[in-house]
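One is the number of the first residue; the rest follow in order along the sequence. In what follows, every heavy atom counts, from backbone to side chain, and hydrogens, waters and symmetry copies are set aside. All ligand and atom numbering here is 1-based and tracks the order in the structure.
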Amino acid sequence: MNYSTNLPAILGGQPAVTLDQVEANRWPVLTEDDEKAVLQIMRDGDISTHPVIRELENDYRNFSGMPYVLAHCNGTTALTAAFWAIGLKPGDEVLVPSATFWASVLPLVWLGAVPVFCESESERLGLDPADMEKKITSRTKAIVVVHLWGLPSKMTEITALARKYKLKMIEDASHAQGALWRGKPCGTLGDISVFSLQGGKLAPAGEGGMFLCREYEYWERAVCLGDITRIMELETPARRFAATSFGIKTRIAPLSAAIARNQLARLEDNNKQRNHNLVYLSAGLEEMGIHTFLSPEHIQRVYFEYLVRPDFGAIGMPMGTFIEALKAEGCIAALPRYPLLHQQPFFAGGAFLDIMRPTDGARVPDYSAVSLPVTERVNGAMMKLPSFPWASQELLDQYLRAFQKVITHADQIVRRPG
Ligand SMILES: Cc1ncc(COP(=O)(O)O)c(C=O)c1O
């Protein structure tokens, strides 16, 4: 396709993107059906324990095929419950990515467990199995897999490692609602799998989280941790904890559960639309040498967020200038929004020790010395573009034109007078 080579806006030309982008990027979309569902709960008057919570869990059971599901007040709490449920103890080590949202990792520190940061690979942005294997010790007990931005991780290799070393796998599928890996839904690939239903997610509730597993014992431990309705209903000896739980409260609010049910029902259609737009945009960007993380054949990715990797060497322009030039064209473009965890003051500055009082024999990493060169390079080369859930093809073509203008004038843009 010829996107024309008009003068870039940063050099005084006309911006390529003129169409409205607010509606094209509106998310989440709350419909009249969502309003009705929330109103119904309010009219029913039971705003703490309404049966809609169990209906939501049933929906997720049907959606995933996982037999045990427990709704939580957010994804962070569902992850906390997952770490608790697999029985992590002080000093246990858990292999984790650094390139993720903090909630994939930090709750495990509250159990005294030790996050061991591993490299993320550059193809699918998940944990790098080769680096993971190097970091396994006799203390390693679990793995946290995150399908970053909706791109399923390298599960064949990671699952093989988990089997070989008898490690539990927590799957944080918060970005990957609706994604498939070898035909299997993300959210069914771990010993325990978790979705966040936070407002920006693909099937949002406002605040909410889902905990899914195949083993009754994990579910029961999650119930005991903080679902005060369910503990009282247990028919096992664990019911003896009904008067106290294990100290936190994890139940989802019914108003959120009502929204979550509707959003899950619309997930497939919404994902289809978003994928249609971003696969189209990606095809055009790939022609210009920009890597867009299109799904390999055995995977059906989704797009929680849309990150791409331009080849700045080939383009001949540094990231900052590229983003500046695209913004001048009217594009929305930014750096990725997750800073790498191992570099944050909580780890590199030692603040985690305030929570994690190391037990005898625990290996406490000096996080300030952790080096993840591949992750650091890959993360630093990514650029975030809008997810375009509702963009018209015309708007996507305007983006492609903007990229083409900027790339074909890279020399002049870099040498422009400051
Ligand atoms: C990968 C990932 N895991 C966990 C969470 C935490 O979920 P919540 O915000 O629902 O607590 C989020 C984001 O919100 C996330 O992006």
Could you pull out, from M210, Q198, H175, K201, the option with a heavy atom nearest to atom 13 (C) of ligand 1? K201
Heavy atoms only, cut-off 4.0 Å: how does W102 contact ligand 1, side chain, backbone, both, or neither? neither
Under 3.5 Å, side chain of T292 to main-chain N/O of V308, donor-acceptor pair present? no
Using atom types as modelled and distance alone, determine if a side-chain donor or acceptor of D227 lies under 3.5 Å from a backbone N or O of R251. no
Check ion pair E157-R124 (N to O, under 4.0 angstrom): no
Could you tell me whether L79 approaches ligand 1 through its side chain, its backbone, both or neither, with non-hydrogen atoms closer than 4.0 Å? side chain
Which of the numbered atoms in ligand 1 are below 4.0 angstrom from a heavy atom of D172? 1 (C), 2 (C), 3 (N), 4 (C)
For S104, the atoms of ligand 1 under 4.0 Å from one of its heavy atoms are 1 (C), 3 (N)
Looking at every non-hydrogen atom in both residues, tell me the closest pair between P28 and P204 and how far apart they are. CB-CG, 3.7 Å
Side chain, backbone, both or neither: which part of T76 comes within less than 4.0 Å of ligand 1 when only heavy atoms are counted? both
Do ligand 1 and S196 have nitrogen or oxygen atoms that lie under 3.5 Å from each other? yes
Within a 6.0 Å radius of atom NE2 on H276, are there more than 12 heavy atoms belonging to other residues, nucleotides or ligands? no
Identify the two heavy atoms, one from V105 and one from P97, that lie closest to each other, and give their separation to 0.1 Å. CG2-O, 3.8 Å
What about F246 and W84, are their ring centers closer than 6.0 Å? yes
Could you list which atoms of ligand 1 come closer than 4.0 Å to a heavy atom of A103? 4 (C), 5 (C), 6 (C)
Does G208 come within less than 4.0 angstrom of ligand 1, counting non-hydrogen atoms of the residue? yes
Does L197, backbone or side chain, put an N or O under 3.5 Å from an N or O of ligand 1? no
Using distance alone, determine whether E207 and ligand 1 share an N or O pair under 3.5 Å. no
What is the minimum heavy-atom distance between I413 and I10, and which atoms define it? CG1-CG2, 3.8 Å
Flag if over 12 foreign heavy atoms under 6.0 Å of CD, E286: yes
Atoms of ligand 1 close to Y338 [distance to a heavy atom under 4.0 angstrom, numbered from 1]: 16 (O)
The atoms of ligand 1 lying under 4.0 Å from a heavy atom of S174, numbered in the order shown, are 1 (C), 2 (C), 3 (N), 4 (C), 15 (C)
Identity and separation of the nearest protein heavy atom to atom 5 (C) of ligand 1: F101 CD2, 3.5 Å
Atoms of ligand 1 close to G75 [distance to a heavy atom under 4.0 angstrom, numbered from 1]: 7 (O), 8 (P), 10 (O), 11 (O)
Do any N or O atoms from the side chain of S120 and from the backbone of T375 form a donor-acceptor pair under 3.5 angstrom? no
